[in-house]
Amino acid sequence: MAETDTPPVPVAAGDVVTLQSVSVAYGKNYALRDVTAGFKAGAVGLLGPNGAGKSTMIKSLLGFIVPTAGQLRVLGMDVATSPLEIRARIGYMPENDGHIPGMTAVAFVGYCGELAGLPPTDAIQRAHEVLYYVGLGEARYRTVETYSTGMKQRIKLAQALVHDPDLLFLDEPTNGMDPKGREEMLELIRDLGHNKGMNLILCSHLLPDVEYCCDHVVVMDKGRIAADGPITQLKGPAGRVFEVRAKSGHDRLVAACRAAGFECHETDEDVMRVFVPEGFGAQDLFKLATREGLQLRHLRPSLPTLEDVFARAVGEE
Amino acid sequence: MPIHDQGYRHFGGTREARGRGWLVIATAGLKSALAKRPVVFLLLVAWIPFAYQAIKFYLTTTFGQLQVLATTAQTFREFLEGQDTFIFFLTIYIGTGLIANDRRANALQIYLSKPLTRLEYVAGKATILAAFLLGVTWLPAVLLLAVQAMFAGNLAFIKANAFLFPAITVYAFVQVVLATSTMLALSSVSKSSRFVGIMYAGVVFFTDAIFGTLKFLMNSSFASLVSPTQSMAQIGDVIFRVPPRHDTPTALSLLVVAGIIGLCALVLERRIRGVEVVA
């Protein structure tokens, strides 16, 4: 079997996945509404709250769900007319558990390789390799049913990788994993996207996962695209976000900030994040508090995060 | 630099042509089934009637005074009918989990995310069961024909009954297609293979019981239409050129069998999906 350490030639200079006015409806409920989007080559995060339409989009791209309107293209091919050609070149790691009952890990991954078109000998050899890569080398002769949740996540990644796809769809890959396992899974995904030249779409509702692994992000909300672009660009320049906490009158401070045209997002703690427009700074926040008769107990410049992008995109307050 | 890099490497080899996914599924399924002792035991038991018939052929061709046991076309009809029991047990033991287990383990989304059509998936699963069923019906029946010619030392019987080979082939294939499609359809509607087995046995016994009751009440065997087993028996009689056992027109029996196979295909078309959509 010929193997190479060099990444594959990029599929196209443009987008690896495009959606043109795509709508998907379950009965009367729309999961995707007139979505037009493009996913760049490299690691792209598909972000959104539960029910935003992320999994529906992935399943439509796989051809599992036929859209009610619009056109989907993957690696330059139309999903409606070339589903098998597309599936031969992609890997899919589903959100929920999935395996072939009664098989050992190596037999399962090898079997998936054969189904994806690898010759039997190559499939079994690659099965061993990818199982080592995902950290299941020592457990590869155990049946998948005996695996823990974290191991099942890893084997799903292995079966998606065995045929060396040009594009990986990862649907909530860290679901149910303990912190250490999650960290290792993210490390694998980051390695694939950044060092192995693999195009991947990471579908998640966990912002840190996407921020760690991806360069681009597409934010979805209620079946629509709420924001998309490079993460660094979406986060905006540093120095315009402040963490603020008032001694009392928190609500008054929020109201005053908003009245002054500053964007405010509350966090889980009593600290809020205030976005000041260009030309404004910390002094303006002090002036505002003084005018309202409020005492600021905490004011610290902060770096914009993906959480800010997400909050802005989906309109959370 | 490490001697052996266990990191991810890209594949640079050649890939197989598309369209052989069903063969991959069938091969894996056959290997997996043959690794189970009860399956091997059932297969061995299912070949005992073949051995019995072969010995009978030897005795009748060797000892002239046993001509009362001489081979006729009816012998093959009876042999195949006798294999019905093994078809029933093999279908239940091998067939129940074919799709139900995949549904329980969410394997359909894995299968259908590969370059594999739903038809290829069903064909692969059907091949597993059909291969075993043909192995206890068509294969021993055809071998019996050969054995008869071998012991007789001539082809006189085969020439005199030229319809036998096509009859064995058509009957065995229709019977296997009916059993396979029914079992696959039932297997696709549940995640529990045990429940599927109960359903299959229920369909076979319940329809036969209804037929028995109606036959008694109507004093006619026209009601064989309600039973797939009896419809198949009626078709078998016509194929083997023996007098039909029921009053039912054979065309209607054929229509019942075709209807069941069509219904099963419809069920499979609706149930084999990469994702379950509840609107």
Side-chain angles (χ1 to χ4, degrees), chain A residues 1-8 25-29 59 62-65 83-92 94 96-103 107 111-112 114-120 122 126 129-130 132-133 137 144-145 156 159-161 163-164 169 188 191-192 195-198, chain B residues 1-2 4-29 31-33 35-36 97-121 124-125 191 193 272-279:
Chain A
M1 177 177 66
E3 299 244 13
T4 164
D5 289 326
T6 51
Y26 301 126
K28 288 178 183 172
N29 302 317
K59 282 164 187 164
L62 286 164
F64 290 173
I65 296 172
L84 296 183
E85 288 79 359
I86 290 171
R87 282 187 227 151
R89 291 180 60 193
I90 61 160
Y92 171 53
N96 42 10
D97 275 351
H99 62 272
I100 313 288
M103 283 189 176
Y111 183 57
C112 288
E114 277 194 69
L115 286 174
L118 297 187
D122 291 350
R126 275 200 61 89
E129 288 179 8
V130 292
Y132 267 107
Y133 178 67
V144 182
E145 283 93 339
K156 283 193 292 178
Q159 65 79 27
L161 280 176
H163 56 294
D164 189 27
F169 290 117
L188 281 173
D191 181 54
L192 284 168
N195 303 326
K196 303 294 190 278
M198 181 87 69
Chain B
M1 188 179 172
H4 176 61
D5 179 13
Q6 291 186 336
Y8 185 81
R9 291 190 292 167
H10 291 287
F11 178 68
T14 51
R15 290 166 200 261
E16 303 268 351
R18 263 195 297 282
R20 57 178 282 282
W22 70 274
L23 194 60
V24 175
I25 294 172
T27 311
K31 278 184 192 166
S32 157
K36 293 175 186 163
L98 282 176
I99 298 177
N101 287 347
D102 283 347
R103 282 173 49 78
R104 179 171 47 78
N106 287 323
L108 280 177
Q109 57 182 347
I110 303 277
Y111 276 111
L112 298 178
S113 67
K114 310 295 178 205
L116 183 79
T117 61
R118 292 188 291 158
L119 184 65
E120 278 180 88
Y121 171 80
K125 294 289 179 179
K191 290 183 180 178
S193 56
I272 307 300
R273 307 260 163 161
V275 61
E276 271 189 72
V277 177
V278 183

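Here is how names work: the chains are called A, B, and so on, in the same order as the sequence lines, proteins then strands, and each is numbered from 1. Small disclaimer: the values here were computed from a predicted structure and weren't measured.
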A.B. asks: With chain A, which of Ala105(B), Ala107(B), Gly124(B) has the greatest number of heavy-atom pairs at distances under 4.5 Å?
C.D. replies: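 Option with the top pair count is Ala105(B).
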A.B. asks: Under 4.5 Å heavy-atom distance to chain A, tell me which part of Leu23(B) shows up: side chain, backbone, both or neither.
C.D. replies: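 For Leu23(B), no heavy atom lies under 4.5 Å from chain A.
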A.B. asks: For the interface with chain B, which of Asp97(A), Leu188(A), Val144(A) has the highest count of heavy-atom pairs at distances below 4.5 Å?
C.D. replies: Asp97(A)
A.B. asks: Identify which of Met103(A), His99(A), Lys156(A), Glu114(A) forms the greatest number of heavy-atom pairs closer than 4.5 Å to chain B.
C.D. replies: His99(A)
A.B. asks: Considering all heavy atoms of both residues, which atom of Arg87(A) and which atom of Lys114(B) are nearest to each other, and what is their separation?
C.D. replies: CD-O, 3.4 Å
A.B. asks: Give, for atom NE2 of His163(A) and atom CZ of Phe11(B), the distance between the pair rounded to the nearest 0.5 Å.
C.D. replies: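 It comes to 11.0 Å.
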A.B. asks: Taking all heavy atoms of Ala28(B) and all of Tyr111(A), pick out the closest pair and write down the distance.
C.D. replies: CB-CE1, 3.5 Å
A.B. asks: Can a side-chain donor-acceptor contact be found between Tyr8(B) and Asp164(A) if the only test is distance below 3.5 angstrom?
C.D. replies: yes
A.B. asks: Does a side-chain heavy-atom distance below 4.5 Å link Tyr92(A) with Ile110(B)?
C.D. replies: no
A.B. asks: About how many Å separate OG of Ser113(B) and NZ of Lys59(A), when rounded to the nearest 0.5 Å?
C.D. replies: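 It is 11.5 Å, given to the nearest 0.5 Å.
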A.B. asks: With a 4.5 Å cut-off on heavy-atom pairs, point out which of Leu118(A), Ile86(A), Leu84(A) contacts chain B the most.
C.D. replies: Leu84(A)
A.B. asks: Please tell me if the side chains of Phe64(A) and Arg273(B) come closer than 4.5 Å, counting only heavy atoms from C-beta onward.
C.D. replies: no
A.B. asks: Could you tell me if the side chain of Glu85(A) sits less than 4.5 Å from the side chain of Pro115(B), heavy atoms only?
C.D. replies: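 Counting from C-beta outward, Pro115(B) and Glu85(A) never come under 4.5 Å.
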A.B. asks: Do you know which of Leu108(B), Ile25(B), Asp102(B), Thr117(B) has the most heavy-atom pairs with chain A at a distance under 4.5 angstrom?
C.D. replies: Ile25(B)
A.B. asks: Go through the steps to decide whether Asn96(A) and Gln109(B) satisfy the test side chain to side chain contact (heavy atoms under 4.5 Å, CB included), and finish with yes or no.
C.D. replies: CA-CA 10 Å; Asn96(A) 42 10; Gln109(B) 57 182 347; 3.0 Å; yes
A.B. asks: If you look only at pairs with a residue in residues 13-28 of chain B, which of them pass as a side-chain hydrogen bond (donor to acceptor under 3.5 Å, both in side chains), with sequence neighbours excluded?
C.D. replies: none
